[in-house]
Amino acid sequence: MLPLTSSSSSISRKKYDVFLSFRGEDTRKNFTDYLYEALIRNGIHTFRDDPKLETGEEIAPELFKAIQQSWCSIIIFSETYAFSSWCLEELAEIVKQKNERRQEVFPIFYNVDPSDLRKQKGKVEEAFVEHEERYNEDKNKVQKWRNPLTQVANIKGWHLNNRHEAEFIGDIVKKLSVKLCETYPIAATDELIGISSRLKELFSKMEIGEDDVRVIVICEMGGIGKSTLARVMYDQMSSHFEGQSFLANVREVSQKRGLVHLQKQLLTQTLLDEGFNFSDVYEGNAIISHRLSHKKVLVVLDDVNNIQHLKCLAGRHDWFGLGSRIIITTRDEHLQRSYRVNGMYKPAALNENEALRLFNLKAFIRETVPKEDFVELAKHIVGYAGGLPLALEVLGSFLCGRDVTQWKSAFERLKKDSNKKILDRLPISFDGLEEREKNIFLDIACFFNRETKDFIMKILDGCEFFPDIGIDVLIKKSLIKFDRHNQYIQMHDLLKEIGRKIVKDKSVNNLENVVDCERKMTSIMS
């Protein structure tokens with residue numbers, strides 16, 4: 001997990017993605033309504049005047065404010081658009097925002113010829129004759145409308161040209177989604193150190209906007225941040241899909257609860273329907289392929305290690321609707337040879353600067369620059385972590401609050417173990433725990449990973465481990481964490497493996513406490 005930092009260079013998001021400018025008499029109850037619903041359905045936050053304005057409010061100031069708070073404006077030029085003074089006032093403000101604040105503007109020519117708008121002839125000419133008569137004493141007002149109309153009519157836009165409106169709207173939404181993704185691909189994610197560049201690389205492989213079904217594999221060693229990367233991408237992109245599912249810890253969940261459970265979870269999340277009642281994977285396969293084959297979905301299968309997982313959760317590309325994206329995280333590169341994938345992404349380890357910032361955040365309580373006495377030591381210790389986020393978190397948390405002498409001792413020990421892989425050096429953090437905290441760590445590693453906090457507290461309290469303080473210590477040492485809903489306690493798979501290895505390496509005498517705790521656990525559960 002890559003931790004939070006206070007700095008961010010990401011583009012600040014506007015209140016609205018889109019402001020719709022249209023002539024209500026022409027299109028409010030047909031084309032504009034269909035376009036608005038399609039934009040909202042695809043997660044594009046859109047301002048349309050009538051649902052947002054309260055009765056009795058002054059319209060113009062509210063509309064101008066909405067234009068200023070929008071990333072882009074879509075102007076639907078219909079037959080009588082130019083007859084509306086309100087539409088022309090909106091248009092003038094939109095062009096002002098375009099020129100002064102570089103707001104994006106996308107014209108839609110709805111059964112009108114752009115040349116009529118540019119040259120202001122035909123119906124447009126009739127409209128301006130009326131305006132000049134009405135505002136006879138304010139010629140500047142009418143000219144203030146003419147210039148923006150000409151400017152926007154020169155922008156390359158979308159033309160209906162006798163196409164089916166549903167198809168036309170689909171193309172607009174698709175192209176707009178791509179532009180928004182290009183503008184905000186990493187919104188608010190610079191808070192995660194080193195993840196911005198990796199998100200951009202992963203995003204380029206997803207090819208959002210294409211109509212094919214794409215399967216992308218994120219493959220690398222454990223502790224590199226694959227799950228974090230997939231989760232952030234999922235959170236950023238899910239609103240652009242009709243259905244979404246993030247299946248975390250597929251390997252472990254399939255072992256504990258079976259693949260049928262995961263199939264039901266996939267269906268429930270994507271269809272928002274809990275009424276699935278089947279008991280074997282073959283029936284699950286049939287239901288998934290039938291119910292999702294016409295739905296544009298985003299699915300993440302996290303920590304896959306078996307081809308059977310893929311066969312039962314994402315058997316074939318045609319199980320999913322056009323435009324769907326399936327992201328798989330795995331340590332096993334061989335899986336892509338057994339399954340049809342469209343791209344593989346191997347996230348790089350953190351570079352020296354990123355690694356030092358991450359380590360310092362953990363070691364110096366959210367400061368990215370170490371204290372003077374620790375500068376060189378921090379650099380040396382980071383060098384032994386190999387740019388692995390998990391190792392940097394654990395080592396930084398272990399050294400947090402310790403003095404220079406203790407840092408030097410830890411560094412000497414790391415040098416002594418220099419022939420070991422970095423993950424084999426992480427027990428240094430375990431060795432710094434008190435005895436009860438060590439027992440809690442080992443019990444979670446062996447028995448209670450991803451169990452509820454209440455359940456674990458009840459068991460460990462019966463073992464006289466004082467879990468309230470012990471679990472808090474483990475969290476602060478980055479050895480465990482809560483899930484997103486603060487209900488389940490989780491330990492990274494690599495730390496779990498380290499804990500189990502420690503148990504195996506212990507003598508029989510040292511295991512007596514664990515055995516005694518198991519007996520008490522059995523007694524409590526019975």
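Not measured: the values here are computed from a predicted model.
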Task: Exercise: do E201 and Y345 side chains pair donor with acceptor under 3.5 Å - done: yes
Task: Donor-acceptor contact below 3.5 Å, side chain N360 vs main chain L356 - done: yes
Task: Donor-acceptor pair, side chain of Q244 and main chain of F241, under 3.5 angstrom - done: yes
Task: Between S73 and Q103: side-chain donor-acceptor atoms closer than 3.5 Å - done: yes
TODO: Return yes when atom CD of Q406 has more than 12 non-hydrogen atoms of other residues, nucleotides or ligands closer than 6.0 Å, and no otherwise.
DONE: yes
TODO: Examine R231 relative to F246 and say whether NZ or CZ is less than 6.0 Å from the centre of the six-membered ring and inside a 45° cone about the ring axis.
DONE: yes
Open item on the list: Can you give me the closest heavy-atom contact between P389 and G223, atom names plus distance?
Closed with: CD-O, 3.3 Å
TODO: Check whether any side-chain heavy atom of N439 sits under 4.5 Å from a side-chain heavy atom of C463, and report yes or no.
DONE: no
Open item on the list: Quick check against the 3.5 Å criterion: does S324 have a side-chain atom that pairs as donor or acceptor with the backbone of F320?
Closed with: no
Task: Side-chain heavy atoms of R357 within contact of I193, under 4.5 Å - done: yes
Task: Any side-chain donor near an acceptor of the partner, Q263 and N285, under 3.5 Å - done: yes
TODO: Would you check if the side chain of N249 reaches a backbone N or O of V253 as a donor-acceptor pair within less than 3.5 Å?
DONE: no
Task: No-hydrogen, no-angle side-chain donor-acceptor test under 3.5 Å, Q269 and S245 - done: yes
TODO: Report yes if some heavy atom in the side chain of P347 is under 4.5 Å from a heavy atom in the side chain of I218; otherwise report no.
DONE: yes
TODO: Examine the side chains of H317 and D212 and answer whether a donor and an acceptor come within less than 3.5 Å of each other.
DONE: no
Task: Side chain to side chain, K205 and R214, heavy atoms closer than 4.5 Å - done: no
- [ ] Write out all pairs satisfying salt bridge (Lys or Arg N to Asp or Glu O under 4.0 Å) with one or both partners inside residues 252-270, taking only residues at least two apart or from two chains.
- [x] E252-K256, E252-R450, E252-K496
- [ ] For side-chain contact (heavy atoms from CB on, under 4.5 Å), just list the numbers for T329 and V304, CA-CA rounded to whole Å, side-chain angles, deciding distance to a tenth of an Å, and then say yes or no.
- [x] CA-CA 6 Å; T329 74; V304 171; over 6 Å; no
- [ ] Mind running side-chain contact (heavy atoms from CB on, under 4.5 Å) on L229 and R198 for me, showing each step along the way?
- [x] CA-CA 8 Å; L229 183 62; R198 291 154 183 83; 4.1 Å; yes
TODO: Taking the side chain as every heavy atom from C-beta outward, state whether F278 and L267 have any pair of such atoms under 4.5 Å apart.
DONE: yes
Task: Minimal non-hydrogen separation, L350 against A355, with atom names - done: CB-N, 3.9 Å
Open item on the list: Measuring only between side-chain heavy atoms, which start at C-beta, is M237 closer than 4.5 Å to L298?
Closed with: yes
Open item on the list: For the NZ atom on K453, are there more than 12 heavy atoms of other groups (residues, nucleotides or ligands in this structure) within a distance under 6.0 Å?
Closed with: no
Task: D403 side, atom CG; K408 side, atom NZ - distance, nearest 0.5 Å - done: 10.0 Å
Open item on the list: With rounding to the nearest 0.5 angstrom, report the CE to CD1 distance, M491 to I489.
Closed with: 9.5 Å
Task: From I44 atom CD1 to D17 atom CG, the distance as rounded to the nearest 0.5 Å - done: 6.5 Å
Open item on the list: Between I328 and I216, is the side-chain contact (heavy atoms from CB on, under 4.5 Å) condition met? List the steps.
Closed with: CA-CA 6 Å; I328 299 165; I216 308 299; over 6 Å; no
Open item on the list: I'd like to know if R325 and E210 make a salt bridge, using a cut-off of under 4.0 Å between side-chain N and carboxylate O.
Closed with: no
TODO: If a pair satisfies salt bridge (Lys or Arg N to Asp or Glu O under 4.0 Å) and one of its residues is in residues 343-352, list it, with sequence neighbours excluded.
DONE: E333-K346
Task: Salt-bridge criterion met for D454 and K458 (N-O under 4.0 Å) - done: no
TODO: Over all heavy atoms of both residues, which pair between T46 and Y16 is shortest? Give the atoms and the distance, please.
DONE: C-CD2, 4.4 Å
Task: Nearest-0.5 Å distance, CD1 of residue I480 to CG of residue D472 - done: 9.0 Å
TODO: Classify the ring geometry between F359 and W407 as parallel (under 30°), tilted (30 to 60°) or perpendicular (over 60°).
DONE: perpendicular
- [ ] Please check if the side chain of E100 supplies one atom and the backbone of Q97 the other of a donor-acceptor pair under 3.5 Å.
- [x] no
- [ ] Give the C-alpha distance, both sets of side-chain angles, the deciding distance and a yes or no for side-chain contact (heavy atoms from CB on, under 4.5 Å) between M233 and L199.
- [x] CA-CA 7 Å; M233 180 61 75; L199 273 175; 3.7 Å; yes
Open item on the list: Within the 4.5 Å heavy-atom criterion, are L392 and K362 side-chain neighbours or not?
Closed with: no
Open item on the list: So does S409 get a backbone contact from the side chain of R413, meaning a donor-acceptor N/O pair under 3.5 Å?
Closed with: no
- [ ] Evaluate the side-chain proximity of L176 to W71: yes if any heavy-atom separation is below 4.5 Å, no if none is.
- [x] yes
TODO: Mind jotting down which residue pairs meet the salt bridge (Lys or Arg N to Asp or Glu O under 4.0 Å) criterion with at least one end in residues 277-303? Sequence neighbours excluded, please.
DONE: R251-D303
Open item on the list: Nearest 0.5 angstrom please: S70 OG to K14 NZ, how far?
Closed with: 8.5 Å
TODO: Could you grab the distance from atom CG of D318 to atom CG of L292, nearest 0.5 Å is fine?
DONE: 12.0 Å
